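Here the structure is laid out as C-alpha cells; the discussion comes afterwards.
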Amino acid sequence: MIDTKTKKEIKEPRITLVGAGPGDAELITIKGIKALKTADVVLYDALVNEELLEFAPEHATKVYVGKRSGDHSHSQESINKLMIDYALNYGHVVRLKGGDSFVFGRGYEELDHAASYSIPAEVIPGISSSIGVPGLQQIPVTHRGLSESFWVVTGTTMDGQVSGDLYDAAKTKATVVVLMGLRKLAEIVKIYQGEGKNRLPVAVIQSGSTDNEKVAIGVIDTIVELVEEKKIKSPALIVIGDVVSLHPQFQPIREFYDIVAEE
C-alpha cells in the first residue's frame, strides 16, 4: 500500500513472537532467523544474545525492553503498547524473547494484546532453558529408571514468595527445574529437607550455553554452600532430581556417600 501524499509505503502491521533460546546465538531456530530478516522493528529482552540483532535489516529499529530479574526497564503494559504502536506505524514487529515465549515469558499476554487490535500474530517457539540448559550439561530431564516426568516451576511468585507448587513437586520422583529461583534456593532446600531428601542430587547452572556459564553440582544438603563458593549469580536455573547424578561431576559425590555409608 502507498500513501499518495507522502509516497511512502505503508506496511501491513504484523507481530511475530520469537523464542531466542537460552543464550547461545546459534540455538535460535532457522524460522526465527527468517523472521528477524524481515523485521521492521525488533523488541528484545535482556536475556537475548545481541548477536541475533545482526540478522535484522540495517533499517530495522532495535529497541531494548529489559525484562530480567532486578531489571525491568519496561513494564509488561508498556511493552504491549510499544509492540502495537510499532506494528501500526512500521509494519513487522519481531518480539524477541529469551528461551521460549510461552515458558514464563508472558508470550500469551502479548499474543492476546495483539488480537485485541486485530493485528495478525505468529509464534515461533524457542529452546526453553528449562530443557536446553540441563541438556547441554548432559543432564536429561527424563531418564529410564530415574525419572518418568519433569516439572518446570517458577521459584518466585508475583508476590515475591516461593512457589507453592514446589511443596507438591518435592513429594514426587519427578525432575524439577526451577526458573527464577536462585534467591529462594535456601527456602527450596528446606522444602526438600522436610521431605527427607537431603541427599537428592542438585545442579545450579548460571548463564547456561554462554561464555559466563558456571555450574554447581551437589546434593540438597550442600548446594547452598556450593553456590556461594562458586559465586553463582542470576540468571541461573536449578535442577533437582536423580537425573543430576548422571552429570560427570557427581561421581565423586556418589563415591563419598558410598564410603560414609560403609563406615
Side-chain angles (χ1 to χ4, degrees), residues 19 21-23 45-47 66-72 76 97-107 126-137 139-142 147 149-195 197-210 212-245 247 250:
D45 285 348
L47 296 180
K67 303 294 287 179
R68 72 186 297 175
S69 178
D71 176 12
H72 290 272
Q76 186 62 50
K97 304 163 76 71
D100 179 83
S101 302
F102 283 6
V103 181
F104 297 116
R106 303 185 73 170
I127 296 174
S128 171
S129 62
S130 61
I131 301 173
V133 168
L136 289 168
Q137 282 292 324
I139 300 173
V141 291
T142 61
S147 176
S149 64
F150 65 95
W151 295 40
V152 181
V153 184
T154 180
T156 309
T157 61
M158 290 180 62
D159 59 2
Q161 303 299 310
V162 68
S163 173
D165 285 350
L166 280 164
Y167 290 90
D168 295 327
K171 298 179 186 297
T172 74
K173 293 183 178 180
T175 303
V176 178
V177 181
V178 185
L179 304 182
M180 300 168 287
L182 188 61
R183 295 179 182 178
K184 298 292 184 183
L185 181 59
E187 292 180 56
I188 294 168
V189 162
K190 288 181 180 178
I191 291 171
Y192 275 84
Q193 287 173 334
E195 296 295 329
K197 297 184 176 181
N198 303 59
R199 294 186 180 179
L200 189 64
V202 186
V204 179
I205 308 168
Q206 170 192 312
S207 303
S209 82
T210 74
N212 297 321
E213 185 174 74
K214 291 183 180 180
V215 184
I217 303 291
V219 296
I220 287 293
D221 278 352
T222 64
I223 196 62
V224 171
E225 181 180 348
L226 288 169
V227 165
E228 292 175 352
E229 179 183 305
K230 291 180 176 288
K231 298 181 180 180
I232 289 179
K233 307 294 183 183
S234 295
L237 58 76
I238 306 162
V239 187
I240 307 171
D242 287 325
V243 291
V244 177
S245 68
H247 192 280
F250 194 81

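Residue numbers count from 1 along this sequence. Since the model is a prediction, treat every value here as computed from it, not as a measurement.
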Run I220 and Q193 through side chain to side chain contact (heavy atoms under 4.5 Å, CB included) and show every step you take.
CA-CA 7 Å; I220 287 293; Q193 287 173 334; 3.7 Å; yes
Testing the 3.5 Å rule here: is there a donor-acceptor pair between the side chains of D159 and T157?
yes
Which residues pass the side chain to side chain donor-acceptor pair (under 3.5 Å) test with S128, sequence neighbours left out?
S130
Would a distance-only check, ignoring hydrogens and angles, find a side-chain to backbone donor-acceptor pair under 3.5 Å from S147 to V243?
no
Looking only at atom types and distance, does a side-chain atom of Q206 sit under 3.5 Å from a main-chain N or O of K233, one as donor and one as acceptor?
yes
Dump the intermediate steps for side chain to side chain contact (heavy atoms under 4.5 Å, CB included) on T156 and S163, then the final yes or no.
CA-CA 6 Å; T156 309; S163 173; over 6 Å; no
Sort out for me which residue in I238, V227, V224 forms a side-chain contact (heavy atoms from CB on, under 4.5 Å) with V202.
I238
How many angstroms lie between atom NZ of K190 and atom CG of L166, to the nearest 0.5 angstrom?
14.5 Å
Looking at every non-hydrogen atom in both residues, tell me the closest pair between S129 and L237 and how far apart they are.
O-CD2, 3.2 Å
Counting N and O atoms only, with roles assigned by atom type, does the side chain of K97 sit under 3.5 Å from a partner on the main chain of G105, one being a donor and the other an acceptor?
yes
More than 12 foreign heavy atoms under 6.0 Å from CD of E225: is that the case here?
no
As an exercise, state the distance from OG1 of T154 to CE of M180, rounded to the nearest 0.5 Å.
3.5 Å
Out of curiosity, I232 CD1 to K214 NZ, how far, rounded to the nearest 0.5 Å?
7.0 Å
Kindly give the heavy-atom pair with the smallest separation between L226 and I217, and that separation in Å.
CD1-O, 3.3 Å
Could you go through the side chain to side chain contact (heavy atoms under 4.5 Å, CB included) check for V219 and L200 one step at a time?
CA-CA 5 Å; V219 296; L200 189 64; over 6 Å; no
Heavy-atom pair with the smallest gap, counting every atom of W151 and A169
CE3-CB, 3.5 Å
What closest approach, in Å, do S101 and G19 show between heavy atoms, and which atom pair accounts for it?
OG-N, 4.0 Å
Any chance you could measure Y192, atom OH, to I240, atom CD1, to the nearest 0.5 Å?
4.0 Å
Please walk me through it: do L179 and V103 pass side chain to side chain contact (heavy atoms under 4.5 Å, CB included)?
CA-CA 10 Å; L179 304 182; V103 181; 4.2 Å; yes
So, D100 side chain and F102 main chain: donor-acceptor pair closer than 3.5 Å or not?
yes
Got a second to check how far S209's OG is from Q137's CD, nearest 0.5 Å?
10.5 Å
Just by modelled atom types, is the G160 backbone N or O under 3.5 Å from a matching donor or acceptor in the K184 side chain?
yes
Counting N and O atoms only, with roles assigned by atom type, does the side chain of S207 sit under 3.5 Å from a partner on the main chain of E213, one being a donor and the other an acceptor?
no
Minimal heavy-atom distance between G181 and I188, with the atoms involved, is O-CD1, 3.9 Å
Can you give me the closest heavy-atom contact between A170 and I191, atom names plus distance?
CB-CG2, 3.7 Å
